[in-house]
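Here the structure is laid out as structure tokens; the discussion comes afterwards.
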Amino acid sequence: MTIPTAAEPDLTGAKDDQSGSPTPERAESLPARVIRALLTQRIVLLAVLLVLVVVYFMVLGATGYLTAAYDFDYLSAALINAVPLAMLGFAELFVILSGRGGIDLSVGAIVSLAGMIFGFAYGRWGWPLWLAIVITAVVGAALGLVNGILVAYIGFPALIATLATYYAYKSLAVVINNQRPISTKPIQNLYESTARSVELPLIGSWIPNVPKGIFLFLLPTLVVVWLLLARTTYGRRVYAIGTNDVAAQWSAIGVRATRAGAYALSGLISGLVAVVTVGQFASARPDAGISGNGMALPAITIAVLGGVAITGGIGRVSGIVLATVLIVWMNAGIRLAFEGNAGPQYQLLALGVLLVFAALLNGFALRRYGLAG
């Protein structure tokens, strides 16, 4: 007569069902796991695309197909364009996360209007730089709060509300100084102090110079946004109302105040971007955020490409950063591949292709795996 004993534990960590056959997790091959990661983890996909873009243009440069060298010095210098784009991507992150079709088309107009306010305060009235920056950020937050009130309290659709304020802020930025930029000596000196590339201490001799704006504006904004979303009660509330605002309201979350706050934060970040653009242009221009295709559409594209769900409740800061670097370095390569005015048009084409690709990928991942981002 044998004595029954307990089954030995499976030291491999895999779980089998009662029939003894392996579960899908155990049966999934390595290529299948890689494909799953690429489809469901936007960070992985963006990292792969970034490496492919850099390698592709470096190969083109080495074979003489580009008008100049696509090297690390060039890539580092191109990061100056990443500062305002990434920051506005963070601004869109807040409003899109808040749900109910959240979007902010007015960020470019806020950049223009707040930039003119900064030009007056620092360039004309002689205010201290720190005070002019604070006032500009407060003005941006107030302009964003107007959007928040229209959307959260009055009930306007975000698309209509921010389109209306886009036109209003744009017109104010143009008429506030009779369509003329402000380019006094203090404003002109801002490029040296805020935008110029510098050598890093200790390791600077081994790596390319880095634009100052990354350390003065982008990294502090990145840290604050990440802390707000990942480590504060407000961040959890933003994700909650974006996922299901009815359930959030039954959980005693102030849905309207939280959503209005997201638009105010978007405006505050846009105000800081206004200071960035004034430093980069060495001039407070009334069209800084609205010329050409404006800053709003690239910012929204970066947010969507970075894995932010347009329905709200899903999005990460790291996705915004990687999507920004991908677009900036891709545009830098296209600029060298085409001469004359063709380059900017191909940049728009590539941006559109990336956006369609991201949307198709999201749809396929949702159907195949039930999640994306």
Side-chain angles (χ1 to χ4, degrees), residues 80-92 104-147 162 165-198 211-218 220-221 224 263-299:
I80 191 173
N81 298 318
V83 178
L85 288 178
M87 292 176 67
L88 289 181
F90 297 148
E92 295 293 345
D104 192 348
L105 297 178
S106 69
V107 290
I110 293 177
V111 169
S112 294
L113 181 54
M116 294 302 296
I117 299 298
F118 178 78
F120 278 111
Y122 183 64
R124 290 274 183 87
W125 303 334
W127 290 11
L129 179 59
W130 68 269
L131 182 58
I133 293 176
V134 170
I135 292 299
T136 305
V138 170
V139 168
L143 297 175
L145 184 60
V146 172
N147 291 332
T162 59
T165 55
Y166 165 79
Y167 289 125
Y169 299 158
K170 173 184 176 180
S171 63
L172 288 174
V174 170
V175 304
I176 196 173
N177 195 42
N178 296 322
Q179 304 183 28
R180 295 195 304 269
I182 300 174
S183 185
T184 59
K185 192 65 174 178
I187 294 293
Q188 294 174 5
N189 292 337
L190 278 178
Y191 178 82
E192 288 294 322
S193 58
T194 63
R196 186 174 61 88
S197 295
V198 295
K212 282 185 178 180
I214 292 179
F215 304 102
L216 294 177
F217 295 98
L218 179 56
T221 304
V224 171
Y263 284 87
L265 286 171
S266 174
L268 187 149
I269 295 174
S270 299
L272 294 176
V273 173
V275 180
V276 173
T277 57
V278 170
Q280 290 182 355
F281 296 145
S283 173
R285 293 169 38 182
D287 64 342
I290 55 179
S291 61
N293 296 293
M295 289 185 169
L297 295 182

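Since the structure is predicted, the reported quantities are computational estimates derived from the model, not experimental observations.
Applying the side chain to side chain donor-acceptor pair (under 3.5 Å) rule to S183 yields the partners Q188; only residues at least two apart in sequence or on another chain are considered. Scanning for side chain to side chain contact (heavy atoms under 4.5 Å, CB included) contacts around S193 gives L190, with sequence neighbours left out. Taking R124 as the reference, nothing meets the salt bridge (Lys or Arg N to Asp or Glu O under 4.0 Å) condition, with sequence neighbours excluded. For L265, the side chain to side chain contact (heavy atoms under 4.5 Å, CB included) partners two or more places apart in sequence, or in a different chain, are F94, L228, Y234. With sequence neighbours excluded, no residue satisfies ring-ring contact (aromatic ring centres under 6.0 Å, His included) with W130.
Interatomic distance, CD1 of I214 versus OG of S197, reported as 8.0 Å (0.5 Å rounding). Rounding to the nearest 0.5 angstrom, the gap separating the CE atom in M295 from the OG atom in S270 is 9.5 Å. We find the CZ-CD1 distance between F120 and I187 to be 10.5 Å, quoted to the nearest 0.5 Å. Between the CE atom of M116 and the OG1 atom of T136 there is a distance of 11.5 Å, given to the nearest 0.5 Å. A distance of 10.0 Å separates CD1 in I290 from CG in L113, rounded to the nearest 0.5 Å. In this structure, L218 CG and F90 CZ are separated by 5.5 Å, a value rounded to the nearest 0.5 Å.
I182 places none of its side-chain heavy atoms less than 4.5 Å from the side chain of V278. Between L88 and V111, the closest side-chain pair of non-hydrogen atoms falls below 4.5 Å.
Taking the six-membered ring where the residue is Trp, W127 and W125 present tilted rings, their angle falling between 30° and 60°.
Y169 contributes no side-chain N or O that, together with a main-chain N or O of S106, makes up a donor-acceptor pair within less than 3.5 Å. Proximity of a side-chain donor or acceptor of T162 to a complementary backbone N or O of D104 within less than 3.5 Å is not detected. Not one N or O on the side chain of K170 forms a donor-acceptor pair closer than 3.5 Å with the backbone of G108.
The minimum heavy-atom distance linking V146 with T165 is given by the pair CG1-CG2, 4.4 Å. Counting all heavy atoms, side chain and backbone alike, G123 lies closest to T184 at O-OG1, 3.0 Å. Across G115 and A274, no two heavy atoms sit closer than the pair N-CB, 3.4 Å. Here the closest non-hydrogen pair linking P286 and A173 is CB-O, 3.2 Å. Among all heavy-atom pairs drawn from T194 and K212, the shortest one is O-CB, 3.5 Å. Taking every heavy atom of both residues into account, F215 and P220 meet most closely at O-CD, 3.3 Å.
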Step by step, would you call F118 with L129 a side-chain contact (heavy atoms from CB on, under 4.5 Å)? CA-CA 9 Å; F118 178 78; L129 179 59; 3.7 Å; yes
Pair M87-V83, side-chain contact (heavy atoms from CB on, under 4.5 Å): steps then yes or no: CA-CA 6 Å; M87 292 176 67; V83 178; 4.0 Å; yes
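Pairs passing the side chain to side chain donor-acceptor pair (under 3.5 Å) check and including a residue from residues 275-292, sequence neighbours excluded, read R285-D287.
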